[in-house]
Amino acid sequence: MDYQFREIEKRWQKFWADNQTFKVDNNSEKPKYYVLDMFPYPSGAGLHVGHPLGYIASDIFARYKRLKGFNVLHPMGYDSFGLPAEQYAIQTGQHPAITTETNINRYREQLDNMGFSFDWSREVRTSDPGYYKWTQWIFMLLFNAWYNLETDKAESIDELIKKFETSGSNGLKAVSDDDVTPFSAEDWKRKSDREKQTELLKYRLTYLRESTVNWCAALGTVLANDEVKDGFSERGGYPVEQKKMMQWSMRITAYADRLLRGLDSIDWPEPLKEMQRNWIGKSVGALVRFSIDKNAFIEVFTTRVDTIFGATFLVLAPEHELVASLTTAEQKPEIEKYIEQTKKKTELDRMADTKTVSGAFTGSYALHPVTSEPIPIWIADYVLAGYGTGAVMAVPSGDQRDWLFARKFNLPIVAISDAQSDLDKQADPTKEGNYINSPLINGLGYKEATSVLIARLEELGAGKARINYRLRDAIFGRQRYWGEPVPVYFKDGLPYLIEFSELPLVLPEVDKYLPTESGEPPLARAENWKYRGELEYELSTMPGWAGSSWYWYRYMASKEDREQEVFAPEKAISYWKDVDLYIGGSEHATGHLLYSRFWNKFLKDLGYVMEEEPFKKLINQGMIQGRSNFVYRIIGEDGRGTNTFVSYGLKSEYTTTSLHVDVNIVEHEILDIEKFKASRSEFADAEFILENGKYICGVEVEKMSKSKFNVVSPDDIVERYGADTLRMYEMFLGPLEQSKPWNTNGIEGVFKFLRKFWKLFHDDDFNFLVSEEEPSKGEYKALHKIIRKVEEDIERFSFNTSVSSFMICVNELTDLKCNKRKILQDLVIVLAPYAPHITEELWTLLGNETGEISTAPYPVFNPEYLVENEFSYPVSVNGKTRMNLNISLSLSQAEVEQIILENEDLQKYLDNKSPKKIIFVKGKIVNVVV
RNA sequence: GCUCGGAUGGUGGAACUGGUAGACACGCAGGACUUAAAAUCCUGUUCGCCCUAAAGCGAGUGCGGGUUCGAUUCCCGCUCCGAGUACCA
């Protein structure tokens with residue numbers, strides 16, 4: 001039989017499902033290995049050919065590790081709460097659960113079609129109450145926790161209450177809201193229950209607070225910073241504005257430093273780590289107070305306290321709380337006008353317009369903390385209310401923005417270092433040279449100056465060293481329906497957790513998925529919610545990242561384990577520990593991957609998990625872009641489109657307009673004219689101007705999307721070439737981490753390879769036939785070359801070069817007409833991770849027990865077969881290639897040198913001079929220097 | 001603007017710590033089989049020169065320098081492309 005890929009693949013996929021071949025056990029003597037994919041959101045469009053790239057890579061790795069004797073956890077699930085299903089529900093009234101279920105079934109079908117070795121018994125769905133019960137549980141843990149800076153970890157809120165009871169807030173080192181006021185143990189005891197709860201809320205790791213949030217009116221919800229891109233929502237692209245609202249937040253800032261430090265201990269791509277570092281945005285500097293009068297002062301944050309003597313004015317953000325009280329009567333109109341102006345600017349304008357310098361003078365002055373000189377106070381929108389203290393000391397000689405501002409408003413520019421130059425043209429932020437015009441630090445360099453100054457400021461009570469982070473606490477509530485309900489109810493306006501025994505707090509049914517007329521979230525419509533009427537429930541739901549911030553632990557719980565009342569059994573967690581290899585896109589750098597690290601650290605602090613970091617090694621697979629094809633319609637003289645299309649190469653001779661054409665009717669840029677005519681009635685009688693008898697289409701690389709007719713479904717490829725070809729071809733396309741456009745130009749080559757491989761085991765009449773003969777040395781050499789190569793490639797995630805090596809190996813064996821069992825059996829195992837179906841079939845034909853290839857022993861590389869006695873290789877003289885020498889590897893270096901000296905041909909090139917130097921590389925002589 | 005990647009034939013891409021650049025595949029050209037086509041197989045394919053052939057010569061990894069016996073690989077400067085980020089004090 002010829003290579004009947006569809007029949008083989010379907011049969012094995014069924015076999016694996018029926019036999020639960022990839023079901024993994026938590027009790028094993030084998031070493032563990034955890035290979036994880038970022039689980040998908042099941043969208044209505046299904047998978048396109050770009051989605052499985054990472055899954056294929058992880059599947060190859062998982063299968064390889066299994067063959068290598070590891071107990072491999074390789075699960076899959078769905079991040080099934082999310083906006084699209086809800087938007088669809090709003091439009092059609094269909095419950096998001098139904099939409100989600102349908103989409104999941106479609107995803108599953110597509111995934112199964114590609115022969116992945118997932119343990120589906122461990123599947124998770126974030127929208128499943130049995131799952132989100134534990135998401136809610138983690139929320140409750142966070143609510144019941146505070147961050148102790150002394151022990152540098154999260155602790156139970158009961159510990160904090162004990163501290164308050166014994167010593168009040170005295171000596172407490174904790175992460176909290178800014179507005180905490182000190183109190184004694186007696187004060188605490190005198191507080192009412194309500195007051196106590198209000199105080200505790202300022203310490204809880206998830207808390208309710210009025211804060212400025214990103215409000216997206218079109219989506220009717222708030223968004224986290226990472227869900228906003230350039231002033232628009234990431235999902236849907238709707239405008240986002242700033243709004244003050246009472247909101248749930250997560251105190252991720254408590255973990256800022258640990259999140260930063262942890263990056264050094266994990267094997268992640270450097271760009272990704274860099275993104276997280278920037279997002280956390282640690283800056284080391286100082287807080288400095290500029291006093292206004294005896295009772296009031298302006299506090300600024302600066303990373304360059306050494307430039308303080310160059311500070312010639314202060315600038316406040318227009319929203320700064322002191323602006324109103326600082327504005328003098330005569331400056332009032334100007335200030336008000338300016339604030340009015342900045343309010344009108346949207347967030348977008350403000351970002352786009354970074355060149356215009358604008359501001360207004362308040363009329364007030366503050367005193368320089370060291371020199372006591374009066375310094376004018378201005379406001380300007382280049383100072384952000386949300387960062388630092390919302391106020392800066394402006395040093396025009398050292399900071400370009402301050403310099404521009406000083407120029408525009410005629411404020412003095414004072415040089416502070418003898419190394420500064422060109423101050424009339426621009427600011428010079430150099431740290432070189434020695435300070436001038438700086439009373440305390442004149443003559444000193446950067447390093448000493450900073451510590452001298454901070455010491456002095458501390459002495460004066462006017463400043464202190466301070467580390468500032470750009471990272472904000474994460475807004476946690478969403479005014480949406482399709483998410484996890486927050487397990488909280490309110491009493492007297494204060495939040496309380498519902499009882500653990502009431503979990504999961506199941507998402508109630510609603511009549512519509514829209515906010516209520518009074519603007520409350522959709523959950524306000526839920527009339528039959530349990531305890532509704534008794535309890536005033538929190539009406540917002542959790543954000544998309546909640547369910548994905550711990551899901552890898554749920555996979556550790558086997559199906560049986562999930563009956564237990566734990567998120568994952570302790571025993572399972574201590575066996576699997578962490579994810580050894582995580583594969584997914586880099587777009588989650590500042591979202592999912594940061595939140596997951598945060599929750600993981602928190603769970604570690606409370607002793608629920610073992611490791612400080614959840615994902616030891618991470619690989620970003622590149623995006624597969626779409627490759628759009630175009631036809632060119634000729635524009636007639638009347639300016640309207642004709643029904644004549646001109647081939648790409650000739651289009652410059654006409655006026656044309658380009659039209660996307662479905663990539664599925666184009667092959668090697670040649671349009672299938674018949675299919676094109678049939679595709680739409682208006683094209684039925686289209687005419688074509690051809691080149692060389694063909695219609696050549698134009699090409700462009702774009703994102704894969706339905707509207708561009710460039711979506712290629714994996715199902716079509718599987719139907720045509722088989723899953724094994726698809727898997728190998730996606731790997732063959734290029735390095736895993738690189739983004740590349742999809743094209744099928746080379747897929748035939750991979751398909752041919754698999755068929756050749758199949759033919760090795762069959763005679764000319766396609767009857768299975770292998771020889772029991774002892775293989776030759778050459779045959780062993782071909783085999784062991786591939787064993788070594790594939791091992792090396794897989795270990796460094798260079799799957800593309802492996803595919804090439806397989807092709808070389810099979811070509812060599814074909815040339816040798818090798819059909820020896822001893823060679824082929826090992827080759828099957830080495831290829832199995834890449835092409836699991838065909839290898840499983842051949843494994844069975846070879847007489848092995850069916851379905852057991854995944855537990856076969858991986859062949860051991862034997863270097864003996866690769867040693868060659870005679871090498872012929874080029875030898876250079878002074879770096880120029882001259883001639884080939886035959887030299888035995890077994891000779892010593894001295895003997896080789898002797899041969900060179902005696903070689904007449906080589907001597908000619910050496911002009912009979914004796915070589916100065918003979919260069920050996922790995923025992924080979926490569927160059928002779930005269 | 002800042003940070004991080006990248007640039008190799010007609011195309012996708014190999015070359016692991018500096019050691020025969022262009023593996024492998026696609027495409028293209030020629031050939032075999034065939035009445036013909038498809039499929040399959042074989043040969044050639046970086047560019048230029050030379051050529052009856054065997055062979056030979058020269059250039060060549062975005063551009064310009066440098067280190068080295070030797071550079072796609074390391075260093076300096078530049079150009080272009082991609083990603084992230086953006087008034088962060």
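Keep in mind that what you see is a predicted model, and the values were worked out from it rather than measured. Within every chain, numbering begins at 1; the chains are lettered A, B, ... in the order of the sequence lines, protein sequences first and strands thereafter. These numbers come from the heavy atoms of this one structure, side chains and all, not from hydrogens, waters or symmetry mates.
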Given B:C87, B:C26, B:C24, which nucleotide is nearest the side-chain atoms of A:F732?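 Closest of the options to the side chain of A:F732: B:C24.
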Report the nucleotide, chosen from B:C26, B:C16, B:G84, that has the shortest atom-to-atom distance to any side-chain atom of A:M275.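 Among the listed nucleotides, the one closest to the side chain of A:M275 is B:G84.
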Is A:R401 close enough to B:C88 that one of its side-chain N or O atoms is under 4.0 Å from OP1 or OP2 there? yes
Does A:Y382 make a side-chain N or O approach to OP1 or OP2 of B:A89 shorter than 4.0 Å?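 No, because none of the side-chain N or O atoms of A:Y382 sits under 4.0 Å from OP1 or OP2 of B:A89.
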What distance, rounded to whole Å, do you find between the two [atom1] atoms, one in [N] and one in [M]?
N	M	atom1	value
B:U79	B:U11	C1'	24 Å
B:G13	B:G6	P	14 Å
B:U73	B:C16	C1'	11 Å
B:G64	B:U85	C1'	31 Å
B:A25	B:U40	P	14 Å
B:G62	B:A71	P	15 Å

Sidechain N-carboxylate O distance under 4.0 Å for A:E812, A:K781: no
Any Lys/Arg nitrogen of A:K789 or A:E792 sitting under 4.0 Å from an Asp/Glu carboxylate oxygen of the other? no
Considering every strand and a 4.0 Å limit on heavy-atom distances, what is the contact class for A:N468: base, sugar-phosphate, or nothing? nothing
Cationic tip of A:R401 above A:Y382 ring, under 6.0 Å, 45° of axis: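 Negative - A:R401 is either too far from the ring of A:Y382 or too far off its axis.
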Syn or anti: how is B:G9 classified when any glycosidic angle within 90° of 0 counts as syn?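 B:G9: syn glycosidic orientation.
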